[in-house]
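Written out below as structure tokens is the structure these notes cover.
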There are 2 protein chains.
Amino acid sequence: MNPTVSKTSRSTVRVVIAEDQGMVLGALAALLEIEGDISVIARARNGKEAVQAVLHHKPDVFITDIEMPEMTGLEAAAEIKRQRCATRVIILTTFARAGYLRRALDAGASGYLLKDMRAEELAEAVRRVHRGLRVVDPELAAEAWSEPDPLTDRERQVLRLAGEGMSSGDIATNLGLSEGTVRNYLSEAISKLGAANRVEAARIARTKGWL
Amino acid sequence: MNPTVSKTSRSTVRVVIAEDQGMVLGALAALLEIEGDISVIARARNGKEAVQAVLHHKPDVFITDIEMPEMTGLEAAAEIKRQRCATRVIILTTFARAGYLRRALDAGASGYLLKDMRAEELAEAVRRVHRGLRVVDPELAAEAWSEPDPLTDRERQVLRLAGEGMSSGDIATNLGLSEGTVRNYLSEAISKLGAANRVEAARIARTKGWL
DNA sequence: AGAATCCGGTGACAAATGTCATCCGCTTGG
DNA sequence: CCAAGCGGATGACATTTGTCACCGGATTCT
């Protein structure tokens, strides 16, 4: 509409990327650098580094993986928003899990992309998000809101440990509960998820992103 | 030494890449394209496509992920070697699993890289492999040869299904065995892996790449 | 203050799981 | 030919798991 606005929207978009796999991190940076209007000003290999980099550089857009050491991408996103930083966040992950998406949006993310989308969509998403738009797969969004996480915190903890191969007794010791109580929680979780046993229950919860 | 040899060794290295995650595939291609001496002549999103592309283009180097739909990268590598194709193979994966590395080398791969290595190492590895050298992390290699897979085929099958949450009965029906036999195999696998139960056993086997 | 919940816990019981010793039929190698 | 092995099956047993009904204290709602 007017020259000054045009100047802003035409200038390069400044980006920070966080991703724990070095190869993928470098490759994504290369992919974005090819675009003339996007510039990668910092890279991070875990959530903590990412938060520092973002708070320091105040980029236009922050792209982050979810599963990283030290601090997850979701936690990093939440922290950045809590610090009232204007940077917009794009979550870039392997997992089409409703629970992740929901937590991402709760954490104030503007975009949620899957790594198996076409490579060209990344740069496009960066531009759209920079313009203030949201970028979320509509199908996944629908699923995220239709299926709320049915597990209580205790059920989640217990199920997570059970999925790692711990026995009810081990879990009880680990959480300071009695073994019977652990079995009760497990039983509840199994029935809520429509599973036949603890292993299947853990598998279902994982694929839904309910951990 | 002499102009014609120099011409060959200085010309660009022709590469085919296979990787099921579109973003990562595009990004890796971008990463390699910025190197002046490497050219990505084809991309594939599963093992079958990859084999066709390699047999058709006869590239100098074939870079492939392992876990892909249709056909795994390891199977693709084996198939290519079986067809007596001179293309050298680099496996590029997330997993530092001894079993994977061993199968990769058995399949005739020249390199085994982890995605969490530094991005610059990829181009370097491509050049080394093209020169006829091998590129394998020495530490991982040592582990691969010191720890042979202790599981029999049956134990592996049974353990895989158990890890998905099936009951002994289900597994028995699925494999046409009796339930008791399934429990015997499971018990054997558990003791061989030093686990306390089927879930832990499956976890251990998975992290070792014994599936 | 009383009722309704929530969080943990108990006890009991059926079913599934893990472990062993043993057995059968079939190669395979002396 | 016969012994040794191997894949698979049985039966029996102790342990773990999954389910349920029910108890007690603390919180919350009214």
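The model shown is predicted, which means the values in this text are computed figures rather than measured ones. For the numbers below, each heavy atom of this structure counts, side chains included, while hydrogens, waters and symmetry mates do not.
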_For Arg131(B), salt bridge (Lys or Arg N to Asp or Glu O under 4.0 Å) partners two or more places apart_ = none

_Residues which pass salt bridge (Lys or Arg N to Asp or Glu O under 4.0 Å) with Arg160(B), listed by chain and number, not counting sequence neighbours_ = none

May I ask you to test the [X]-[Y] pair for a side-chain heavy-atom distance under 4.5 Å?
X: Arg156(A); Y: Asp149(A); answer: yes
X: Ile63(B); Y: Leu122(B); answer: yes
X: Leu175(A); Y: Leu161(A); answer: yes

Between [X] ([atom1]) and [N] ([atom2]), how many Å, whole number?
X: Glu179(A); N: dG18(D); atom1: CD; atom2: P; result: 11 Å
X: Ile190(A); N: dT19(D); atom1: CD1; atom2: C1'; result: 10 Å
X: Asn197(B); N: dT17(D); atom1: CG; atom2: P; result: 7 Å
X: Glu188(B); N: dG7(D); atom1: CD; atom2: C1'; result: 13 Å
X: Lys192(A); N: dT19(D); atom1: NZ; atom2: P; result: 14 Å
X: Glu200(A); N: dG18(D); atom1: CD; atom2: P; result: 11 Å

*Could you run down nucleotides 20-26 of chain D 5' to 3' and tag each one B, S or - for protein heavy-atom contact under 4.0 Å?*
B------

*Could you list all the side chain to side chain donor-acceptor pair (under 3.5 Å) pairs where at least one residue sits in residues 57-67 of chain A, not counting sequence neighbours?*
Glu67(A)-Tyr100(A)

*asked:* Applying side chain to side chain donor-acceptor pair (under 3.5 Å) as the test, list every pair that has at least one member in residues 132-143 of chain A; sequence neighbours left out.
replied: none

*By a strict heavy-atom criterion of less than 4.0 Å, which residues belonging to residues 150-170 of chain B are in contact with DNA chain D?*
Arg154(B)

*Using five base pairs at each end, measure the axis-to-axis angle across the helix from dA1(C)-dT30(D) to dG30(C)-dC1(D) and round it to 10 degrees.*
30°

_Apply side-chain contact (heavy atoms from CB on, under 4.5 Å) to residues Tyr185(A) and Leu159(A) and explain how you reach the verdict._
CA-CA 8 Å; Tyr185(A) 282 132; Leu159(A) 197 51; over 6 Å; no

*asked:* What I want to find out is whether Glu188(A) reaches Arg154(A) closely enough, with some N-O distance under 4.0 Å, to be called a salt bridge.
replied: no

Among residues at least two apart in sequence or on other chains, which ones pass side chain to side chain donor-acceptor pair (under 3.5 Å) with [X]?
X: Asn174(A); answer: none
X: Glu35(A); answer: Arg127(A)
X: Arg43(A); answer: none

*Report the residues that fulfil side chain to side chain contact (heavy atoms under 4.5 Å, CB included) with Glu200(B), sequence neighbours left out, ordered by chain and then residue number.*
Ala195(B), Ala196(B), Asn197(B), Ile204(B)

*asked:* Counting only side-chain nitrogens and oxygens, does Arg183(A) get under 4.0 Å of the OP1 or OP2 atom of dT16(D)?
replied: no

*Where does the chain A footprint on DNA chain C start and end, counting 5' to 3' with a 4.0 Å heavy-atom cut-off?*
dC7(C) to dA12(C)

